[in-house]
Amino acid sequence: MEELVTAESAVAVGDPAPSLLSLCLDAVAARLTRDSAGLGAGRTGWPGGCGGGALGGCAEEGGGEADDDHLGPEQVAEVLPWELLHRLASRLPPAALESLHHAAHARCCSSADTTATGLGGQDDHKRGIKRSRCEDFNTAWQSLFKLRWPFGVKPGHDSVVTVDWQQQYWERHLQECLDEATESALLPSFSGGIGELSVSAKSMNSIYRCEDISQQHSRLKYQSSRFGCYARCLRLQGVLCTAETYDLLQHCKLERLMFIRIIAEPEVNGVCLLLSCHAETLLSLEFIHCQLYPAVMDKICVAVLQKGSQSHGIERLRIISSRICEARPLNTSVGLLNFLSSAKNNNLQKDDVVDLHKILIKLPNLRDLDISCNPIMDEGIRSLIPFISWAIEKENPLLRLNVENCDLSSIGVSKLLECLTSVKQPLDVLSLADNPLGSSVATALAKFLGSHVRDLNVEDIDLGTIGFQKLEEALPMEVALSHINISKNRGGIRAAYFVSRLILQAPNLVSVNAAANILPPESLEVICNALKQRTCNLDRVDLTGNFHLSETIFPAFLEFKKHGKPILVLPSNLGTYAPYDDDP
């Protein structure tokens, strides 16, 4: 240690003299930095990263004698107290910090295991302290990330608690390495393996801070093997979609993949290899400037299926500026259609609806369209209205439409209802639930009720008392409804008046769900007065979640039964429920 201090530390004349501790930490940092770049004698492997000690090449390529005075990260992590480890961490480049981080983590886990075994559950607090101290390296990683990419910090990345900066650093580093490899592989003169390409001196200096770096360390194959396990999101050009890249990235736990310019068959095969490898973890898939003809899409949709299952885990699929259909009509990918039908939340945005329209128009027998939980907004629904209008009028018409939770407003929905009301062929089932429509949609909704729709779901659309009053006043004299869900709309007494009017003017009505509408006690009498005049096919009016109602308030409700059961269903026990509250 004294030799290192003498050799490695120089103090400028006139500067304050550094402390002995500072000199020692600088010396240790210098040794760890050299060794992490493969310049330490006798080194055959480094802890940390994806390969652990199994990775070779950390010694100089000629080998060398073992260094009897070797100082490795394991020894440093073992002998230094946590406070000094954190001070040392701030002096290290990323590659050296990676090794120290893992060595410290091993010490942390070992200490926790020893404590758990020796002291039982009484020392959980101490174990928590040790673990939190170990995780404080996140601050050092954040500093390194901002140093290398000062403008690359994403919004919301200010909290070190929620962001794993170590993972973010190495993912970004690996992406830069892959981008450099893409540039080299696109050159006409390129030949050989992608994994043997050298990473640029700028990137290597960023993580090693050494001028002389072993040749093996600078190869893409080494960088992918050591740091690939941190990658969760990668962007790949078609030229990199090969079997060799599949080998390089097989240790990644990819959740998002973006493919650019996938055109030739070898590139498609490489994409399918990557998708099959990561099908268990993959959540998001994006294609940009690709030729995804039906046969290609069929292969891709098979590749994303999880092992032993006919379903996939993809939550987000985006196809941008790409061909997905051939010129011949009705020729689209069966695999894509099955893919879209096997998962409800594809995270379609308003800009994606145009492409969706092109696919749907090729489905002449489509009877059920469910695009729920996709934030398509008013612009998206307006783009779909021409298709919906056509689909309802065709020989095998669309019968059921579900647009729940699509971030729609009363403006977009009013346009949709106007379309549905004007066509000759009625829609059987419509669900607009969980969209913040408000009372202004009520007039268009009442008019639509005269279109012979059979099943309507308007749960939680913020109708309120004004909306229900408008519905009641504008309700057609005869309504074809069989089932309606108006729950969670805070309608109060006006909801009760609407239900009573509906009972009288909908002879085919079978069920009404008016739960959680803050109905006052007098609502029971209002609804029962309507039941005295007509019950017809009605067998259930759900009033649960309205906690001002009870059997004792108006016992006469028990007179109205269907198949031996009460038609009105009230909250069963006031003491076991909390009032419904839709205020976020």
- Verify whether one side chain among W141 and Q168 offers a donor that lies under 3.5 Å from an acceptor in the other. no

- Under 3.5 Å donor-acceptor, N374 side chain and S372 backbone: yes

- Residue among W149, F227, Y230 satisfying ring pair (Phe, Tyr, Trp, His ring centres under 6.0 Å) with Y169: W149

- Can you tell me how far CD of E98 sits from CG of L144, rounded to the nearest 0.5 angstrom? 11.0 Å

- Query: Does D164 use its side chain to pair, donor to acceptor, with the backbone of Q166 at less than 3.5 Å?
  - Reply: yes

- Side chains of V353 and I371: closer than 4.5 Å at any heavy-atom pair? no

- Does atom CG of L186 have more than 12 heavy-atom neighbours, drawn from other residues, nucleotides or ligands, at distances under 6.0 Å? yes

- W390 backbone acceptor or donor facing E393 side chain under 3.5 Å: no

- Message: The test is side-chain contact (heavy atoms from CB on, under 4.5 Å); show your working for V268 and I263 and say whether it passes.
- Response: CA-CA 7 Å; V268 173; I263 298 175; over 6 Å; no

- L432 and V403: CA distance, side-chain angles, deciding distance, side-chain contact (heavy atoms from CB on, under 4.5 Å) verdict: CA-CA 6 Å; L432 302 169; V403 288; 3.6 Å; yes

- Considering all heavy atoms of both residues, which atom of C233 and which atom of L254 are nearest to each other, and what is their separation? N-CD2, 4.2 Å

- Query: Can a donor-acceptor pair be found between the side chains of Q175 and E171 at a distance below 3.5 Å?
  - Reply: no

- Item | For E267 against G238, the heavy-atom pair lying closest together | CG-O, 3.3 Å

- Query: Listed by chain and number, what are the side-chain hydrogen bond (donor to acceptor under 3.5 Å, both in side chains) partners of S200, not counting sequence neighbours?
  - Reply: E180, S203

- Task: Start with the C-alpha gap between R148 and E176, add the side-chain angles, then the distance that decides, and say whether side-chain contact (heavy atoms from CB on, under 4.5 Å) holds.
- Result: CA-CA 12 Å; R148 185 172 177 183; E176 285 198 354; 3.2 Å; yes

- Item | Test item: D460 side-chain N/O and D434 main-chain N/O as donor-acceptor pair under 3.5 Å | no

- Query: With side chains defined as the heavy atoms from C-beta onward, is the minimum distance between L32 and P73 less than 4.5 Å?
  - Reply: yes

- Task: Using only heavy-atom distances, determine whether the side chains of H217 and Q223 contain a donor-acceptor pair under 3.5 Å.
- Result: no

- Any donor-acceptor N/O pair, N435 side chain to A433 backbone, under 3.5 Å: yes

- Starting at CG of L240, measure out to CG of L178 and round the result to the nearest 0.5 Å. 6.0 Å

- Say whether, by atom type as modelled, one donor and one acceptor occur between the side chain of N402 and the main chain of E404 under 3.5 angstrom. yes

- Query: Do you know which of I260, I262, L249 makes side chain to side chain contact (heavy atoms under 4.5 Å, CB included) with L236?
  - Reply: L249

- Between E315 and R256, is the closest basic N to carboxylate O distance under 4.0 Å? no

- Less than 4.5 Å apart, any side-chain heavy atom of F287 and any of I320? no

- Item | Spacing of NZ belonging to K394 relative to CD1 belonging to I361, to within rounding of 0.5 Å | 9.5 Å

- Query: Do V163 and Q142 have side chains that get closer than 4.5 Å, going by heavy atoms?
  - Reply: no

- Task: Give a yes or no on whether the backbone of T33 and the side-chain of S36 come within a donor-acceptor separation of less than 3.5 Å.
- Result: yes

- Query: Are I392 and L401 side-chain neighbours, meaning at least one heavy-atom pair lies under 4.5 Å?
  - Reply: no

- Message: Please report the interatomic distance CD(Q250) to OG1(T245), rounded to the nearest 0.5 Å.
- Response: 11.5 Å

- Heavy-atom closest contact (I213 atom, N205 atom, distance): CD1-N, 4.4 Å

- Name of the residue among L285, I288, I300 meeting side chain to side chain contact (heavy atoms under 4.5 Å, CB included) with F259: L285

- Message: Show the nearest heavy-atom pair for residues G228 and L174, with the distance to one decimal.
- Response: CA-CD2, 3.8 Å

- Task: Determine the interplanar angle of the H101 and F137 rings, folded into 0 to 90°, and report it as parallel if under 30°, tilted if 30 to 60°, perpendicular if over 60°.
- Result: tilted

- Query: Taking side chain as C-beta onward, heavy atoms only, is R91 less than 4.5 Å from D26?
  - Reply: yes

- Message: Quick check against the 3.5 Å criterion: does S224 have a side-chain atom that pairs as donor or acceptor with the backbone of L220?
- Response: yes

- Which pair of non-hydrogen atoms, one from C406 and one from C373, has the smallest distance, and what is that distance? SG-N, 4.1 Å

- Item | Side chains of L197 and F190 in contact at under 4.5 Å (non-hydrogen atoms) | yes

- Distance, nearest 0.5 Å, that separates NE2 of H312 from CG of L275: 12.0 Å

- Sidechain N-carboxylate O distance under 4.0 Å for D179, R235: yes

- Heavy-atom closest pair, residues S99 and R226: OG-NH2, 2.9 Å

- Message: Is it the case that atom CD in E196 sees more than 12 heavy atoms from other parts of the structure closer than 6.0 Å?
- Response: yes

- Task: Could you check L398 against L366 for side-chain contact (heavy atoms from CB on, under 4.5 Å), going step by step and ending with a plain yes or no?
- Result: CA-CA 6 Å; L398 180 71; L366 182 66; 4.3 Å; yes

- Determine yes or no for a side-chain-to-main-chain donor-acceptor pair under 3.5 angstrom, with R367 supplying the side chain and P397 the backbone. yes

- Query: Looking at CG of D352 and NE2 of H357, how far apart are the two atoms once the value is rounded to the nearest 0.5 Å?
  - Reply: 14.5 Å

- Item | Donor-acceptor pair, side chain of S322 and main chain of C290, under 3.5 angstrom | yes

- Return yes when atom NZ of K253 has more than 12 non-hydrogen atoms of other residues, nucleotides or ligands closer than 6.0 Å, and no otherwise. no

- Query: Would a 4.5 Å heavy-atom cut-off, applied to side chains only, mark L292 and R323 as touching?
  - Reply: no

